[in-house]
Amino acid sequence: MSADDAGRDVPREYLGVWRRLGIWRSDGSCDLSTRVWWFQSPRFHIDLRIPADRPALADAAGLARLSPEQLNHVHAQTGFAGLTVVDAARCEWRPEIAFPAVGTELDAGWMRFDSPDHLHETGLDNSYEEDWLREAGGALHGARLVEVDSGAVAYLLLNERWMAWACTGQETASRLDRLVHQQWPEFTVLRKHEDWTVEASTLPWLENTTQIRYDALNAALLCRWRHNNEVAVPLAPGRRWRVAELAAAATPR
């Protein structure tokens with residue numbers, strides 16, 4: 001794909017929050033239990049995948065009490081965020097940050113809309129088939145942010161009901177280590193009830209906690225942000241961010 005392809009917004013029908021219904025692989029295996037969210041703005045994506053057997057943790061200190069097998073289940077969770085490029089029926093995800101780390105393999109598939117809110121994905125090599133269902137929630141707003149002090153990168157995408165936050169650590173770790181979780185890339189999905197509540201996160205102890213009130217971070221606030229503004233993000237308290245790029249809101253069909 002050319003540089004011109006990378007500079008184009010994705011087609012309108014892709015925009016919104018998608019939940020994976022299942023994946024069926026060419027080797028005969030399938031996965032219907034992993035919790036998967038795909039947030040797609042006009043340019044950026046955030047994707048989070050939490051296996052059903054990943055341990056629940058009450059706090060970060062619980063990592064030190066996990067067995068090697070349990071820690072492997074933590075390591076099996078994945079998240080990635082970056083640019084999405086669509087060329088006809090071909091969709092490619094180009095992550096800038098990822099958990100546990102950005103890989104070198106191409107991530108792309110052939111896409112087919114079975115209905116406006118049902119999407120079928122086939123691997124370029126036919127190694128898998130995935131089905132996706134779009135969640136309700138309205139216009140999706142987003143931004144790519146760079147931390148003023150460290151240069152760490154973050155993505156924030158949200159609509160009326162859903163929010164996704166992806167952020168590199170203060171110093172990105174090259175391996176998963178139970179003692180340096182502060183360096184892990186964080187991928188967190190929140191859902192709006194009375195407050196924003198964490199549905200899933202690469203930091204398991206955040207799940208099912210109430211993080212911030214709706215009036216602290218919402219679409220109206222993001223609409224006031226401008227390129228190169230310095231902003232505070234309640235999901236990363238004490239850190240200052242520069243708005244590097246904004247993703248214009250659009251309402252999915």
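All residue numbers in this chain count up from 1 along the given sequence.
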Find the distance between [atom1] ([X]) and [atom2] ([Y]) and round it off to the nearest 0.5 Å.
X	Y	atom1	atom2	value
S201	I50	OG	CD1	7.0 Å
H141	L156	NE2	CG	11.0 Å
I46	S41	CD1	OG	8.5 Å
N208	T197	CG	OG1	8.0 Å

Side chain to side chain contact (heavy atoms under 4.5 Å, CB included) partners of I23, counting only residues at least two apart: R20, R25, D31, Y128, E130
Side chain to side chain contact (heavy atoms under 4.5 Å, CB included) against L21, all qualifying residues, sequence neighbours excluded: D131, L133
Note, [X] side chain near [Y] side chain (heavy atom, < 4.5 Å):
X	Y	answer
D47	W37	no
L48	F39	no
W241	E230	no

I'd like to know if the side chain of [X] and the backbone of [Y] have a donor-acceptor N/O pair within less than 3.5 Å.
X	Y	value
D59	G62	yes
S67	Q70	yes
R90	L124	no
R134	P116	yes
R43	V10	no
Q40	F44	yes

Any Lys/Arg nitrogen of [X] or [Y] sitting under 4.0 Å from an Asp/Glu carboxylate oxygen of the other?
X	Y	value
E207	R54	yes
E147	R242	no
R94	E92	yes

Distance flag, aromatic centroids of W162 and W38, threshold under 6.0 Å: no
Between the side chains of [X] and [Y], does any donor sit under 3.5 Å from an acceptor?
X	Y	result
E186	T188	yes
H120	E129	yes
E121	W132	yes
S29	D27	yes

Atom of M163, atom of W196 and distance for their closest heavy-atom approach: CE-CE2, 3.2 Å
Closest contact, heavy atoms only, L157 versus A143: CD2-N, 4.4 Å
Intermediate values then yes/no, salt bridge (Lys or Arg N to Asp or Glu O under 4.0 Å), R35 and E199: CA-CA 10 Å; R35 296 181 292 158; E199 291 273 307; 5.9 Å; no
Transitive ILVMFWY side-chain link W93 to V86, under 4.5 Å: yes
Option from Y14, F80, F187, W18 for which ring-ring contact (aromatic ring centres under 6.0 Å, His included) with H45 holds: F80
CZ (R161) with more than 12 external heavy atoms under 6.0 Å: no
